[in-house]
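First the structure, in the form of structure tokens, and then the observations on it.
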There are 2 protein chains.
Amino acid sequence: MPAQLPSIVDVARKAGVSIATASRVISSSTYPVSATTREKVLAAAKELKYMPNSLARSLKVQRSKLIAVLVGDNTDPYFAQVARGVEEIANAHGYLTIMCNTERDPARELAYLQTLQDYRADGFIIAGSGLSETDYAEQEQINELVQKIQGRGAAIVTLSPHSIQAPSIQSDNIGGAYELTSYLISLGHRRIAFVTGPAHVTVSELRQQGYTRALADASIPFAPELILTGDFTQAGGERIAATLAQMPVDQRPAAIFASNDETAFGLMNGLRQQGWRLPQDISICGFGDIPMAPMVIPSLTTVSISLRELGRAGARKILSLLQNHQTEPTIEIMPATVIKRDSTIPHP
Amino acid sequence: MPAQLPSIVDVARKAGVSIATASRVISSSTYPVSATTREKVLAAAKELKYMPNSLARSLKVQRSKLIAVLVGDNTDPYFAQVARGVEEIANAHGYLTIMCNTERDPARELAYLQTLQDYRADGFIIAGSGLSETDYAEQEQINELVQKIQGRGAAIVTLSPHSIQAPSIQSDNIGGAYELTSYLISLGHRRIAFVTGPAHVTVSELRQQGYTRALADASIPFAPELILTGDFTQAGGERIAATLAQMPVDQRPAAIFASNDETAFGLMNGLRQQGWRLPQDISICGFGDIPMAPMVIPSLTTVSISLRELGRAGARKILSLLQNHQTEPTIEIMPATVIKRDSTIPHP
DNA sequence: TTGTATGCGTTATCAA
DNA sequence: TTGATAACGCATACAA
């Protein structure tokens, strides 16, 4: 038998004022209320330990102060950092952050969009799971839903390339990969392998573009056999390490650029188990600069994309969109910087 | 000029039925509705692309289907795993998970509790930030708030020792630490150091208890100088490594038990910089078994406490509490198991 | 099986 | 400056 919480009606009664005036002081409206009655209301509220019902308020004012952050997996350091940045800004502005793990599954992404549309979330930050594939089943429904969400005045921002038509803030995947590859080249490496992420994940594809361009700009011929298929996991990296060990010695790459840090860790671990010495036998680098990157031995050369700042920027964008309603799919790029560490050394 | 979304009134009108019947089929109530009218309503809803307003529903039925998960920092792998487990179960049961980073600050914890009480969250999972200190300023307010939350039928569960009086599910910190210490002893070590967490963090204190008991049971005298003060961070571990290197050789520990994995990583890194060889010069182990633990070299011996399962258990507990209203501060213990890896070797 | 009407707790409009 | 009341969108007790 749960007890009822006092409502604003109780506060008004106890203070001996109308429910309207009670509401005015509680909601700290700009509407004029005399100092004395304000005090009375405040006193009554405190005495009753009144706590406003945000659901009722949200229903009435048509904004929930809820922000959904859709991530592939909140356990992944990449998404964790982004989500943290979002929560930081959101919380500072009185918004709540709802964590949605889509598992990079469009069906789950759609389901969460739907659920949070039902809750009338004010903002949606799509942090990942951007698939380049243009024909997955949910595509159409998602786009339609996005339209409705924007139509009712809610804001959507994507933080990676995505089929969703909405403003986007992205880290400089191409530029970062270009710089990193160029750095490897400057170290004297020419046979540089690239490990992709899961199929159709756009950030991986963009990084590959940067890699390809850097090679081209250095007039290094592209070698298809040096493109290895990973999946953004450590296990995937280890699998590739096994493959690498099978390659004829003269075909082996002198350096490997893994499209994310986890994969690089898997590579390091796997290669070491095969008896390779790091970084003497091969230079390895990753992408993302997750917290563990400086900790491993040898410390990992990688690209820092300031995930937390990306999350902050996304949240700020949501807040500004909520002010001046805009839906054009503009795109802002956040800088990425190469972090040189010990896992990459000059070519012998 | 945001467009209005269709309401159930529109659906009812379009279907040519009363609001009540429309509501019955939309909310899939058990209330009998003829097949034909049901079809009409469904058709109207689909045509209007109707999406129910969860805020209104929540306000009416007095349950929000919101679960708050209070963590110290969602970026910390410990909390990330727990939160993932919570979200997994919550989502499967139609609940939304709200991420609250308290930064281990009681003031922020209180603020979030308050905010989510305002949103009438159905469940609160306090995953961390349990302080053993009994006299921080917010103590009283938090307890009072907890009473009100439980009083209105919402559920609270803590996942670590906490001053909050509520059902709790905890991993076996004492037992795990006891087993781990015993394992070190079985390897022949006698001078075993213990690195604490931040002051007053209870999980750290419990782990220390396990450590102390294991020593006592093995009749190894307790050496106060072997208790080192850490803070659960890598940087803290590195700091301690520097201290360790200063110690007279004959006073140095043969093994170190760091109260969490991050600290152990910091130790490993710091000691290596001082020229120590691992694990030959010293055995190191941690607590938590975060994803990185098997990846570092040497792989880290630690205690696995199945964080994700802890999160799941917490969420399940919330769901069951929502059924049979209970507030007694019972406590369930989840097993912890020692994971033996390469960072610990027999004493020479 | 369907419909009417009330209320969940707010805010906002209008009149006083 | 204050107050009565409608409305936000939905679910349900009660009537029919």
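Naming: A, B, ... by sequence-line order, numbering from 1 per chain. The shown structure was predicted, so the numbers you read here are calculated from the model rather than taken from an experiment.
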Through what angle, rounded to 10 degrees, does the axis of the helix from C/dT1-D/dA16 to C/dA16-D/dT1 turn between its ends, using five pairs per end?
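Angle reported: 40°, given to the nearest ten degrees.
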
Whole Å only: how far is the [atom1] atom of [X] from the [atom2] atom of [N]?
| X | N | atom1 | atom2 | result |
| --- | --- | --- | --- | --- |
| B/Asp118 | C/dT11 | CG | P | 11 Å |
| A/Leu55 | C/dG7 | CG | C1' | 15 Å |
| B/Arg57 | D/dG9 | CZ | C1' | 11 Å |
| A/Met51 | C/dT10 | CE | P | 11 Å |
| A/Gln62 | D/dC10 | CD | P | 11 Å |

Do the side-chain N or O atoms of [X] get closer than 4.0 angstrom to the phosphate oxygens (OP1, OP2) of [N]?
| X | N | answer |
| --- | --- | --- |
| B/Ser34 | C/dT2 | yes |
| A/Ser18 | D/dG3 | yes |
| B/Tyr119 | C/dT10 | no |
| B/Gln4 | D/dC8 | no |

For A/Gln139 and A/Ser163, what are the C-alpha separation, side-chain angles and deciding distance, and is it a side chain to side chain donor-acceptor pair (under 3.5 Å)?
CA-CA 8 Å; A/Gln139 179 80 285; A/Ser163 67; 2.7 Å; yes

Sorted by chain and number, sequence neighbours left out, side-chain hydrogen bond (donor to acceptor under 3.5 Å, both in side chains) with A/Asn53 holds for none

Contacts of type side-chain hydrogen bond (donor to acceptor under 3.5 Å, both in side chains), residue A/Glu88, not counting sequence neighbours
A/Arg308, A/Arg312

NZ/NE/NH1/NH2 to OD/OE distance under 4.0 Å, A/Arg84 and B/Asp76
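Judged by the 4.0 Å cut-off on N to carboxylate O distance, A/Arg84 and B/Asp76 do not form a salt bridge.
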
Can you confirm whether the side chains of A/Ser27 and A/Ser29 place a donor and an acceptor under 3.5 Å from each other?
no

Salt bridge (Lys or Arg N to Asp or Glu O under 4.0 Å) partners for A/Lys65, two or more places apart
none

With side chain to side chain donor-acceptor pair (under 3.5 Å) as the test, would you mind laying out the steps for B/Gln170 and B/Ser168 before giving the verdict?
CA-CA 6 Å; B/Gln170 296 171 23; B/Ser168 185; 2.8 Å; yes

Residues in residues 38-47 of chain A with a heavy atom under 4.0 Å of DNA chain D, by number, are none

Considering only nitrogen or oxygen atoms on both sides, find all protein atoms under 3.5 Å from nucleotides 12-16 of chain C and state each distance.
from, atom 1, to, atom 2, distance (Å)
C/dT13, O4, A/Arg24, NH2, 3.3

Indicate, with a heavy-atom threshold strictly under 4.0 Å, whether A/Thr37 touches base, sugar-phosphate, or nothing.
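A/Thr37: backbone/sugar contact only, no base atoms under 4.0 Å.
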
Apply the test side chain to side chain donor-acceptor pair (under 3.5 Å) to residues B/Asn91 and A/Tyr112: give CA-CA distance (whole Å), side-chain angles for both, the deciding distance (0.1 Å), then the verdict.
CA-CA 9 Å; B/Asn91 179 53; A/Tyr112 257 126; 3.3 Å; yes

